[in-house]
Structure formats: structure tokens, C-alpha cells
Amino acid sequence: MLDKTNKIEEQLNNKVLKGSYKDIFRLFKYMFSSSFAACNLFMSFLILVSFLTPLSAYLWKILLDLIDNYSINKSSIINIVLALLGYYLIIYITDFLKRSTQVTGETAERLDVVQSNWLQCHLNKKIYTKLSNLSIELMEVPAINDMINRTLNYVGKPKGWGNSNLQMSVLLPFYNVIAKIISIVIISITLCVFSPWLCFIILFVPIPLIFTQMKVAERIFKVNRDNTIHYRKAEYYQDLLLKNAVKEVKTLRITNFLYNKWHDAVELYSKKEMSIQLKNQLINLFNITLNSLVGIFGSIFAITLLARGDISIGEFGCVMALINVLLVDTTSLFNNIGTILTKKLDCSQFFELIDIESEKAIGETIEEIHEISIDNISYRYPNTKRYVLKDVNIKINKGETIALVGENGAGKSTFVKLLTGILSPSKGEIYINSKPLSGCNINNYYNETSIVSQTPAKYYTFTVLDNVKMGDATRISDDEKAIEAIKFSGFTKEYNNILGKDIGGGELSGGEWQKISIAKAYFKDKDFLVLDEPTSNLDPLAETEIFKKYMKMAEDKTVFIVTHRISLAALAERILVFKDGKIIEVGNHKELIEKNGEYARLYNTQAKWYKR
Ligand SMILES: Nc1ncnc2c1ncn2[C@@H]1O[C@H](COP(=O)(O)OP(=O)(O)OP(=O)(O)O)[C@@H](O)[C@H]1O
């Protein structure tokens, strides 16, 4: 089905994630630039360790040779003490740097955790900015939520003390590769002086580790991606049981039913994870065996050199120390390279979200909305086939009050989303002052409209006053106007208390939240006002009172109101009656009653209830 919605679908669906090595470097650069100071500090520590380790082995050689020579009175005790002090000073500094940087060490001493926090701030800022620049329409598609979840899980730091997946799998391995290469080059040159063969065995035998490591990580990636849907389901059931529906679940006695659903989801991903872990253990055994064999061969080689008198006892000590370090470093280098290479899919997955085209805030600006012309628009939600709006035409002039009525699912909310630029038509065009909306600066258009939705956003941890001022971020310090708006909405409680039960603040009723939403729209004070069932949570008295105020506020504004209460719709100048995605009747209350069509049917049905 080719229409304008297709573009959105293409952005989300048509990618088979292949993964690219380029993305690994891109992500590393992205992270490095996100937290430049922290990344540099951390990497400097690791590089310093690479220099200090061979230096300590060299001092160890000097010390052993001095001790060996002492028995034949060739060296002084002062030199031995100095070499010993120097050796321990280097060990002391190395130990400090290692404990600060090695992820296998005690977490409490690690600098990477601190770095993780800095990195987190910078990366999250980039992701939040990206999300705020995506078209709102994308948020209607479940696939985007999966993508956002995956990216945030990958980048996100675990709650409390710890590192993010991203940091563990890309950033730290990258640092390690750089540091280990430096260390290996220095040690190899030193060992080559004693025996090039020794160097060769230790350097190249562990190469298969790269491949085994890649195999392990590829399997884990696939399982994680396949399991995303099960993780989400399990989390959703858990939220129902613990947060969102906890009271209703208790009264309906459906705890076991939901628990079983949660358990099924957990079982599905646990089985897959367990099977992967068993396979990975075999690979682990192979890696350890290979490592031990290389260590044994290296040591036998060094002992042979000593026995043949090719090296001194000090040199033997130095060689043994270097063999161990080289063994650890090469294994670590190959492991880290393996880890990085296997992360190409994860890295590409990160860019799946980052690379989605941002909505461009360009185009003509709209200073004032004089006329809106809806020209033959149809709409279907991305990834669905059915058009929920079909060939809708209507022209609206400034200052009109228009009510939208119709049964559930008729398409009223979708229509106002199109009207406010939240969605864009699959077919047809909306013209604002005769200019196509698709060519206008959408952010500017959002600025010119006020929306009161059925489910207003609730900003906890803020006061009521703050909530109202968020209606227009450009006037965030205008307390006077915000208080006036609160009064207008009929909200009578204290407006300076923090909201949010979870943080020890207050809570409001549904109707009170709706009044805040009304206050927000009043505070924003725009000429184009869209009210999507703005009074559905209000009691009848408050509803009538608020509606009268709306009418007063709407005197010189263009107002769209979606409502199921025909008595309210009757007050509008024009009423649009929706059915199955089409506007089937247009007129004022009197005209439509006389017509005796769908509107009259809705009106009479409601009237009957009141007359009982
Ligand atoms: N995000 C979405 N993805 C897919 N379909 C959707 C989405 N949102 C709404 N729909 C479908 O679009 C149709 C029109 O929904 P809409 O919310 O516009 O109706 P409405 O007239 O406002 O209904 P109500 O009076 O119940 O609020 C419905 O069939 C609904 O299932």
C-alpha cells in the first residue's frame, strides 16, 4: 500500500540488521566525544599500567642479579635496597592504577563506575535530544518502543552501582585493546632479546580466542534480540502486579492468572538463556585449556634457556614475570578484540535509533492561523492496513467553534491529531492559510496550537504551578499568568505543593488533573485550541462551569472540541458528525436535529437517559 505513511514504515521495518564493523568505530568515537575528559583519563591510566608492568619486571631482574652477585661481594647492600624500593614503588603505583581501572577488580575501587556516570549523562542527553526530534507519528508504532527500549537498555547504567552494557562491551574493551597493544609491543621487544620463539608462541597461539569469543557474543546477541518481546511482556505483567493495576488485581483475584502469564514469559526467555550458557561453558573450557598450555610451554622454554646458561638468574626472573604478563595481556587483547568485533550488531542496533531521520524544523513559519482547509485527507496508522479516516474535506475559518461527535472509534481523535500536526495525512493535504502544512515549520505550528487531551500528561515531582507553566516553556517564570490560569480552570487546592505519592508528595483526582490541563491551555493562550474530551473526568457542575468558561475564552479563537456529550456539542457553531472515518453530517444543532440523521439519533439516545 503506497501512500505517505509508507515512508514511516520504511524507516522502521525494512531494515534487516546486518551489523557493520564501521559502526563499532563510530560508536567508540560517539562515546569518546560524549565524555572526552573521562575517557582520556581512564585510558591514560591503562596505558600507564602498560609501561609500568615491564618496568617492574626489569627492576625485578636487576634486584635478582644484585642479590646473586652479593654472595660473591660484587654489589652493595644500598643498591639492593634501592632496587627493592624502586620495584615496590612501581608495583604500588601499578596496583593502584589497575584497581582503579580493571573491571574484574573490586567494584568499590573502580574508576570506570564513576566514568560510567559521566558517560551516562552525555549519552542520555544525545538520546533524549534525538527522541525529541523524531516525528511524533513514530511513537504510534510499537516497533519504535522496542527500538527505544533496546537502545536504552544497552546504553543505560544499571540502577545503582555498575556499568552499562555499552561501556562493558565496547568502551572498556577498546581502552584495553589500545593499552594491551602498547604493553605487548614493549614486552615482546624485551622477550625477543632473549628468544624470538618464546615471543612467537605466546603472541600467536591464543588467536583462536578471537573466534570463540565472537561465536559466544553472536549467540548472546541473537538470544537477546529474540527475547526482547518476552522481556517486555514479563516486565509489563510485573508492572501490573506490582504497580499499575495492583488494587484491581487484588479485588478481582487475578493474581495467579497474571502471575502465570508473567511466569510463561520468563520461562520462554530463561530456557533460551540457559541453553546458550551451557554451550558457552564448553567454549570457556577450551579457552582456559589453551591458555594453560601456552603458559606451560613458555615456562619450559625459559627454564631450558637458564639451564643452558643462555640467561642469568635475574634474566630468568624477568622472563618468567614477562611471560606471565604477556600471556595475560595477549589473552586479554584477543578477548577484547573478540568482544568488540562481536558487538557490531549491538553497535549497529544503537544507530538504528540514532540514524532515524529527525523531523526538520524548517519551512514556512505560521504567525497566525486564519483558515484551515482539510483537502481530501485519509489516514492509516503505520503498520496497519485500514484507513481510519477516509476522504475527509472541511474548511474552517478563524473564530469558529466546532464540535466533533461520533461513536467510539469513529476517528475523531485521529482527526484532531492530524489537525494539530501530530500525525500527517497518508493521503491528501491540510492547508493552513492556503499553505500546505507539510511545507510549514512543524515546531512553529505546535507553538501556535493549544491542546487539552483526554489523558493529560502528569508531571510528578513538580508543583501544580510548575505543571501549568510547562504549558508554555517560553514563559516559565510568569507565575502571575499561571495563577490566573489555575483560577480559570476552577482548581481550588494549594498549587505550590509537590505532586507525586512515590516521592512523598500529594496526588490529584482525574478531574483535578484535567483542570490542570485546561489551565495549561489557558496559560499558553493560543488562537487555535483543540479540546479532546476535556471535561470527561469532571463532575457535571464543574463541566458546565468549565464549558461556559471555554466559550468565553473561545470568543475570538478557533476551537475544536471532541465530546461525547451532545448537550455540550449543541453549543458549538458547527458540528461535524463522524462515522467509520468519514464526516457524514455538518451543521449546527438545530439544522442537524431537523435533518433527523446520525446526530439526531445520538442526541435522542442521550436525551432519553436524562428524561427517565
Ligand atoms: N496508535 C494506533 N494504532 C493503530 N490504530 C489506532 C491507533 N490509535 C487509534 N487507532 C484506531 O483508529 C480508529 C479511530 O480511533 P480514534 O481514537 O480516532 O477514534 P475516536 O472517534 O476518537 O474514538 P473515541 O470516541 O473512543 O475516543 C480506531 O479503530 C482505533 O482502533
Side-chain angles (χ1 to χ4, degrees), residues 3-5 8 135-141 366 369 371-382 384-398 400-433 436-438 440 442 445-446 448-456 517 521 526-536 550 554 557-566 568-570 572-588 592 597-599 602:
D3 55 25
K4 292 185 214 162
T5 306
I8 300 237
S135 143
I136 304 180
E137 193 158 11
L138 284 170
M139 305 301 160
E140 300 283 343
V141 191
I366 301 156
I369 301 170
E371 183 200 85
I372 303 171
S373 178
I374 313 287
D375 186 15
N376 220 18
I377 58 167
S378 298
Y379 186 77
R380 68 177 174 88
Y381 283 93
T384 65
K385 290 201 171 90
R386 187 169 65 97
Y387 283 92
V388 296
L389 284 180
K390 291 161 227 157
D391 308 319
V392 175
N393 287 290
I394 192 91
K395 205 170 197 172
I396 300 119
N397 294 314
K398 190 174 177 196
E400 275 195 273
T401 307
I402 294 178
L404 313 185
V405 298
E407 289 178 338
N408 291 126
K412 305 177 296 293
S413 296
T414 307
F415 179 75
V416 293
K417 282 185 201 163
L418 285 154
L419 205 59
T420 47
I422 288 174
L423 302 177
S424 44
S426 310
K427 293 179 186 168
E429 184 61 87
I430 297 176
Y431 293 91
I432 309 292
N433 308 339
L437 182 57
S438 55
C440 294
I442 196 69
Y445 186 60
Y446 293 148
E448 292 309 310
T449 53
S450 279
I451 307 170
V452 178
S453 82
Q454 280 179 45
T455 44
S517 181
K526 291 296 166 186
D527 285 346
F528 182 30
L529 189 59
V530 176
L531 312 164
D532 190 356
E533 294 189 51
T535 54
S536 58
Y550 269 135
K557 294 188 190 335
T558 314
V559 180
F560 275 86
I561 178 157
V562 179
T563 182
H564 284 289
R565 316 231 172 142
I566 303 292
L568 294 184
E573 288 159 13
R574 239 191 326 165
I575 300 161
L576 312 183
V577 185
F578 278 77
K579 189 165 185 164
D580 297 332
K582 292 192 168 194
I583 298 180
I584 53 163
E585 286 169 22
V586 181
N588 63 28
L592 291 178
E598 176 71 6
Y599 179 80
L602 292 171

Quiz prompt | Main-chain N/O of Ala569 paired with Thr563 side-chain donor or acceptor, under 3.5 Å | solution = no
Quiz item: Does a side-chain heavy-atom distance below 4.5 Å link Asp375 with Asn393?
Solution: yes
Quiz item: Are any non-hydrogen side-chain atoms of Thr449 and Val530 less than 4.5 angstrom apart?
Solution: no
Exercise. Give a yes or no on whether the backbone of Glu598 and the side-chain of Glu585 come within a donor-acceptor separation of less than 3.5 Å.
Key: yes
Quiz item: To the nearest 0.5 Å, how far apart are CD1 in Ile442 and CD1 in Ile422?
Solution: 9.0 Å
Self-check item: Worked verdict on Leu568 versus Ile561 for side chain to side chain contact (heavy atoms under 4.5 Å, CB included)
Solution: CA-CA 9 Å; Leu568 294 184; Ile561 178 157; 5.5 Å; no
Practice problem: Starting at CD of Glu137, measure out to CG of Leu418 and round the result to the nearest 0.5 Å. | Solution: 7.5 Å
Practice problem: Report the C-alpha separation of Asp580 and Lys390 in whole Å, then their side-chain angles, then the decisive distance to 0.1 Å, and conclude whether the side chain to side chain contact (heavy atoms under 4.5 Å, CB included) test is met. | Solution: CA-CA 8 Å; Asp580 297 332; Lys390 291 161 227 157; 4.3 Å; yes
Quiz prompt | Min side-chain heavy-atom separation Thr558-Ile369 under 4.5 Å | solution = no
Exercise. Using the test ring pair (Phe, Tyr, Trp, His ring centres under 6.0 Å), find all partners of Phe528 that sit at least two apart in sequence or belong to another chain.
Key: Phe560
Self-check item: Heavy-atom side-chain contact between Ile584 and Tyr599 under 4.5 Å
Solution: no
Quiz item: Quick one: does NZ or CZ of Lys427 land under 6.0 Å from the six-membered ring centre of Tyr387, within 45 degrees of the ring axis?
Solution: yes
Quiz item: Roughly how far, to the nearest 0.5 Å, is the NZ atom of Lys395 from the CD1 atom of Ile372?
Solution: 12.0 Å
Exercise. Examine distances only and state if a side-chain atom of Lys398 and a backbone atom of Asp527 form a donor-acceptor pair shorter than 3.5 Å.
Key: no
Quiz item: Any donor-acceptor pair under 3.5 Å linking the side chain of Asn433 with the backbone of Glu371?
Solution: yes
Self-check item: Side chain proximity check, Ile396 to Arg574, heavy atoms < 4.5 angstrom
Solution: yes
Quiz item: Minimum heavy-atom separation for Ile377 to Gly428, with atom names?
Solution: CG2-C, 3.8 Å
Quiz item: Should Ile374 and Leu419 count as side-chain neighbours, where that means a heavy-atom distance under 4.5 Å?
Solution: yes
Quiz item: Sequence neighbours excluded, which residues qualify as salt bridge (Lys or Arg N to Asp or Glu O under 4.0 Å) partners of Lys557?
Solution: Asp525
Self-check item: Val452 to Ser517 - nearest heavy-atom pair and separation
Solution: CG1-OG, 3.4 Å
Quiz item: Rounded to the nearest 0.5 Å, what separation is found between the CG atom of Leu389 and the CZ atom of Arg380?
Solution: 13.0 Å
Quiz item: Only one of Val562, Val388, Thr420, Val392 clears side-chain contact (heavy atoms from CB on, under 4.5 Å) with Phe415; which?
Solution: Val392
Self-check item: Any Ser426 side-chain heavy atom under 4.5 Å of Tyr379 side chain
Solution: yes
Self-check item: Where at least one partner belongs to residues 402-414, residue pairs that pass side-chain hydrogen bond (donor to acceptor under 3.5 Å, both in side chains), sequence neighbours excluded
Solution: Tyr381-Thr414, Glu407-Arg601, Ser413-Gln454, Ser413-Asp532
Quiz prompt | Interatomic spacing from CG in Leu437 to OH in Tyr431 - rounded to 0.5 Å | solution = 11.0 Å
Quiz item: Going by heavy atoms in the side chains, are Cys440 and Tyr445 under 4.5 Å from each other?
Solution: no
Quiz item: Can you tell me how far CD1 of Ile402 sits from CG of Leu531, rounded to the nearest 0.5 angstrom?
Solution: 12.0 Å
